[in-house]
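Bear in mind that the values here come from a model prediction, so they are computed numbers and not experimental data. By convention in this document, chain letters (A, B, ...) are assigned in the order of the sequence lines, proteins followed by strands, and residues within each chain are numbered from 1.
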2 protein chains.
Amino acid sequence: MKTDTYKDLPNGDRQIVDFQIPGDFLGLRSVLLHTSDHSIEPITDIEVSEISADDLIDAFSKNQRLATAVLWAASRDEAMVVEHLIDLGRRNAIERLAHFLLELGSRLTLIGTGNTTGYACPLTQYHLADALGLSAVHVNRALRQLREKGLVTFQNGRVNFDSYDRLVAFAGFDPAYLDQKGPFLP
Amino acid sequence: MKTDTYKDLPNGDRQIVDFQIPGDFLGLRSVLLHTSDHSIEPITDIEVSEISADDLIDAFSKNQRLATAVLWAASRDEAMVVEHLIDLGRRNAIERLAHFLLELGSRLTLIGTGNTTGYACPLTQYHLADALGLSAVHVNRALRQLREKGLVTFQNGRVNFDSYDRLVAFAGFDPAYLDQKGPFLP
DNA sequence: CGACACCTTGAAACCCCTCAACGACTGTGG
DNA sequence: CCACAGTCGTTGAGGGGTTTCAAGGTGTCG
């Protein structure tokens, strides 16, 4: 159902780069690069189909729409990483958490497993910490603040948006970068 | 000669996502996405050629190697953003700076305007601050520490590697993600 | 010379981390 | 059935990295 892509660091820390939900590519980034220094970890049970790099590239020659669609997927992945980058660079812990929970909600809504009320979220606070560049302890405190502000509650594997609109305003969340209309095909 | 891609935030901060050097695509990310919420800013005089999204997509149908090469470029861009993400998430200010200066050095070396001795660098400390998620004041202090450690000197528009090997070790820099061998073409 | 951009330094405050401890829950083996 | 280990969540105290505020210095360019 869900996985995450991460990189381990020499000092034992790790940084989660992004999470994948049903319908997402896994490891698209490394198809053409000679290196793949990231690891993928399942969070829940998953179901995957494999496609070889050669086949994928080969298919480009036969179908230009496929090439375009794959490039679109790669661009969208990168846009998410960029937004994630902005999280880490210029938002504090509580804003990061708010923004992250909203982004995941938007993505899950698109595939029908979430809405503005909330969604099922199998992540632990340690996952959030590794994704957001925080300590697990601080994630806990930040989640409490969000709860006490009446914005969002994350408990028992569920995210509940207590006040979706106020949360969006608080986090400065604009889902445009998720490009939920799909690839532009001529 | 150089540009940077950044995003302004509501509170007046901004986050630089990456820098472009000669030979790089500008705005590839937004070709297929409906949105382009990033801005591009010239740092030095630049020379660009324009290519329309339609022409690019159209070319995919005629030349599969081109589609592959463009996807490779997008993947490489993303790999750099990912490494940048790890910088912000799990490295402190001085390691971030060291890693960043090494990455830029590697990229410039590839196009022949740098080596392990150093390179010309037209960035201000404010650029570094916006890229690395730090305050300009702290960038200044961190640069001083790197200088006093005898690792690298950044002054008067030049980066001098005082001890390249020790700097690489200090920053944990591994240029593999830059994939400097170019796209894998069957 | 004045305006401006950039660099430098100090002091105080703040955000977040580390360390430490404990409670709730789950699964496991005796 | 119960003791035990393991994972996850929660909370407190103390310390450190970084920010903000403030001021002054240098260089360039009109």
Undergrad: B:Ser135 has a side chain; which of C:dC17, D:dT18, D:dT20 sits nearest to it?
TA: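 Of all the options, the side chain of B:Ser135 is nearest to D:dT20.
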Undergrad: Do the side-chain N or O atoms of A:Asn140 get closer than 4.0 angstrom to the phosphate oxygens (OP1, OP2) of D:dT10?
TA: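 For D:dT10, OP1/OP2 do have a side-chain N/O of A:Asn140 under 4.0 Å.
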Undergrad: Please tell me which of the listed nucleotides, D:dT18, D:dT11, C:dA11, lies nearest to the side chain of A:Arg144?
TA: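 My answer, after comparing the listed nucleotides, is D:dT11.
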Undergrad: For D:dT7, does OP1 or OP2 lie under 4.0 Å from any side-chain N or O of A:Gln125?
TA: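 So the side chain of A:Gln125 is outside the cut-off, no N or O lying under 4.0 Å from OP1 or OP2 of D:dT7.
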Undergrad: When you measure from the side chain of B:His138, which nucleotide among C:dC15, D:dT18, D:dT10 comes out closest?
TA: D:dT18
Undergrad: Using atom NE2 of B:His127 as one end and atom P of C:dC7 as the other, report the distance to the nearest whole Å.
TA: 10 Å
Undergrad: Given the side-chain rings of B:Phe19 and B:Phe100, with only the six-membered ring counted for Trp, is the space between their centroids under 6.0 Å?
TA: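 Ring centroids of B:Phe19 and B:Phe100 are less than 6.0 Å from each other.
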Undergrad: Please report, rounded to the nearest Å, how far the P atom of D:dC8 is from the CZ atom of A:Phe154.
TA: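 About 12 Å, once rounded to whole Å.
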Undergrad: Has the side chain of B:Arg141 got a donor or acceptor that lies under 3.5 Å from a partner of the other kind on the base of C:dG10?
TA: yes
Undergrad: Side chain of A:Val137: nearest nucleotide among C:dC17, C:dT9, D:dG12?
TA: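 Per side-chain heavy atoms of A:Val137, the pick is D:dG12.
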Undergrad: Output the rounded distance in Å from CG (A:Asn156) to C1' (C:dC25).
TA: 11 Å
Undergrad: Give me the one residue out of B:Asn140, B:Leu123, B:Leu134 that meets side chain to side chain contact (heavy atoms under 4.5 Å, CB included) with B:Leu128.
TA: B:Leu123
Undergrad: So, the side chain of A:Arg29 versus the backbone of A:Glu78: is there a donor-acceptor pair under 3.5 Å, distance only?
TA: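 Not a single qualifying donor-acceptor pair exists.
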Undergrad: Using a 4.0 Å heavy-atom cut-off, does B:Ala136 contact any base of the nucleic acid, only the sugar-phosphate backbone, or nothing at all?
TA: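 B:Ala136: no heavy atom of the nucleic acid under 4.0 Å.
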Undergrad: Using a heavy-atom cut-off of under 4.0 Å over every strand shown, decide if A:Gly133 touches base, sugar-phosphate, or nothing.
TA: sugar-phosphate
Undergrad: Checking side-chain polar atoms at under 3.5 Å, does A:His138 have a donor or acceptor matched by the opposite partner on A:Ser135?
TA: no
Undergrad: Grab the CG-P distance between B:Asp87 and D:dG17 for me, whole Å please.
TA: 18 Å
Undergrad: Please report the distance, rounded to the nearest Å, between CG in B:Leu134 and P in C:dC15.
TA: 17 Å
Undergrad: Rounding to an integer number of Å, can you tell me how far B:Arg91 CZ sits from D:dG16 C1'?
TA: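 So the two atoms are 20 Å apart, to the nearest Å.
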Undergrad: Whole-Å distance between D:dC8 C1' and A:Ile43 CD1?
TA: 15 Å
Undergrad: Nearest whole angstrom, please: distance from the P of D:dT10 to the CG of A:Leu146.
TA: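 Distance check: A:Leu146 CG to D:dT10 P gives 13 Å.
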Undergrad: Between B:Leu132 and B:Leu88, which heavy-atom pair has the shortest distance, and what is it?
TA: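 Minimum heavy-atom separation between B:Leu132 and B:Leu88: O-CD2, 3.1 Å.
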